[in-house]
Each structure stands twice: as C-alpha cells, then as structure tokens.
Amino acid sequence: MGRTSDTVQSTHKVVVFFDICSSTTILEDLLRTENGRRWRNLLIGLKRFLVEERDEFGFLIYKFLGDGWVLLFDAKKIRGNQLVSFLTRLDGHYQNLFHTGICEVLGGSEHTIGITAGVDEGTLVRIIMNQQEEFIGRALNVAARLQGAIKQKDKKPEGKILLSKNAFVLLKVESARIRSTLVERELRNISGGEHYQARKISLRKKK
C-alpha cells in the first residue's frame, strides 16, 4: 500500500455528478460495428468542452467514471442559474457530438440521448493519497445517488437534474427563471434516504 500524506484539509464544494444516458448499450452497438473509436472521440469532445468551461467557472474536473464525470465547484463562487446554464450547454454539446459523430453508424437503433446529473453541496475532506488529490464526504455520495435516482420515476430522464434541497437553497436558484419540481426519491445507503426530497429541473424546453 502507498503511504497517505498527512495533508488533510476541509473544503466546501458543490458536487455535480453527471452521467451519459444509455452509454453501455451505445458502446456495445458501436463495438459491434467496429466503430468504438467514435465513442472515444465523443468522450474527448466532452472533455474539451469541460476544460473550456473550467477556465470560466474554475471548477475541478475531479473524476472520470467511464461514462460521466464528477465536477467540484467552489460553493462561494457558483450560483444556481450559472450551474443550470452550464449543464444545459453540456447536455446540448453532448447531443451535438452524438448526432454528428455517432448517429450515422447506428442505423435505426434507438437510444436515450442526453445526460443526467445529481447535485449536492457540503464539506469535503481533501487528502493526498498516492500523490493524487482525493476527496471524501457525504456530498459526493448524495450527488451520485441523486443522479442514479432520476430514472426511478421518470420514463424520459435525459436532460434532467436532481438537486438536494440544501444545494437548491445554497445556489439561490431563481424560481422565476428556472422551474423546479419537488420530488421524493429513495437514495440507497444514504442516511435519511428512504424518503429523500429533492428538486428536479429539466434542462430542455418543452416542445
């Protein structure tokens, strides 16, 4: 085992855990047609978008999970409308990458196209482990569970985000500009998660 550094710090972050819908089935279909490289190119395109946005908002691209990322925002610098605008552009950018680079080789296959995201805020413990920056804390777990819970009662989860009530209040989401719905979900392995209430926001305008 590697040594853990004695450097331990607490930091207040807004955690965004986002995932690509139907990523497993899309990748399987691409590999079946020997087009796996197109998925790699799409992920690279998403990463470039995140790097460009990071320069403006100063968030940390913390983890890549194979079909999504964990992003950490400074809780003192980001506001709700900014975050929703960023996630809306992210969802739109993914759709553009998909339709320009992947659609043509999947034929008539139907897939759910878009991203889903969970958002929470709280104190994270920052440590250096094996010469890498790592974070631990409840907000990471809650954001991940919220992202996974979007599909529980939503047949069309693409372009949807769930925010904890704490994150919704901290971010000062302007309800006059951004519509949200109070929903209840079950968050497994989270204290108090049996009947967890959160705010759901759609990143897409209803047609």
Report yes if the side chains of [X] and [Y] come closer than 4.5 Å at any heavy-atom pair, otherwise no.
| X | Y | answer |
| --- | --- | --- |
| Lys165 | Gln197 | yes |
| His111 | Thr25 | yes |
| Ile113 | Gln95 | yes |
| Thr33 | Asp29 | no |
| Leu162 | Val119 | no |
| Leu146 | Phe17 | no |
| Leu46 | Ile20 | yes |
| Leu90 | Leu87 | yes |

Fill in: Ring geometry between Phe49 and His93 (parallel below 30°, tilted from 30 to 60°, perpendicular above 60°)
parallel
Find the distance between [atom1] ([X]) and [atom2] ([Y]) and round it off to the nearest 0.5 Å.
| X | Y | atom1 | atom2 | result |
| --- | --- | --- | --- | --- |
| Leu83 | Ile161 | CG | CD1 | 6.0 Å |
| Phe135 | Ile127 | CZ | CD1 | 9.5 Å |
| Asp91 | Cys21 | CG | SG | 8.0 Å |

Is [Y] paired with [X] through a side-chain N to carboxylate O contact shorter than 4.0 Å?
| X | Y | answer |
| --- | --- | --- |
| Glu194 | Arg188 | no |
| Arg38 | Glu104 | yes |
| Asp154 | Lys200 | yes |
| Lys153 | Glu184 | no |
| Arg126 | Glu133 | yes |

Nearest non-hydrogen partners of [X] and [Y], listed with the distance:
| X | Y | result |
| --- | --- | --- |
| Gly80 | Val173 | CA-CG2, 3.8 Å |
| Asn96 | Thr100 | O-OG1, 2.8 Å |
| Gly122 | Ala139 | N-CB, 3.9 Å |

Practice prompt. For Arg89, look at atom CZ and say whether over 12 heavy atoms of other residues, nucleotides or ligands are found less than 6.0 Å away.
Written response: yes
Practice prompt. Check whether more than 12 heavy atoms from other residues, nucleotides or ligands sit under 6.0 Å from atom CD of Glu34, and answer yes or no.
Written response: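 12 or below, so no.
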Hey, quick one: are [X] and [Y] part of the same hydrophobic cluster, counting side-chain heavy atoms closer than 4.5 Å, chains of contacts allowed?
| X | Y | value |
| --- | --- | --- |
| Leu50 | Ile115 | yes |
| Val16 | Leu65 | no |
| Leu203 | Phe168 | yes |
| Leu31 | Leu106 | yes |

With distance as the sole test, does [X] use its side chain to make a donor-acceptor pair with the main-chain N or O of [Y] at under 3.5 Å?
| X | Y | result |
| --- | --- | --- |
| Glu56 | Glu53 | no |
| Lys77 | Phe73 | no |
| Arg185 | Ala149 | yes |
| Tyr196 | Ser164 | no |

Discussion item. Pairing donors with acceptors under 3.5 angstrom, does anything connect the side chains of Glu186 and His195?
Written reply: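 The criterion, which ignores hydrogens and geometry beyond distance, is not satisfied for His195 and Glu186.
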Practice prompt. Starting from the C-alpha separation in whole Å, work towards a yes-or-no answer on side chain to side chain donor-acceptor pair (under 3.5 Å) for Thr116 and Gln147.
Written response: CA-CA 6 Å; Thr116 56; Gln147 183 279 320; 2.7 Å; yes
Practice prompt. List the steps, then state whether ring pair (Phe, Tyr, Trp, His ring centres under 6.0 Å) holds for Phe59 with Phe86.
Written response: CA-CA 11 Å; Phe59 59 81; Phe86 160 72; 5.3 Å; yes
Item to complete: Determine, step by step, whether Val15 and Leu124 satisfy the side-chain contact (heavy atoms from CB on, under 4.5 Å) criterion, reporting the C-alpha distance in whole Å, the side-chain angles of both residues, the deciding distance to 0.1 Å, and the verdict.
Response: CA-CA 10 Å; Val15 180; Leu124 301 181; 4.1 Å; yes
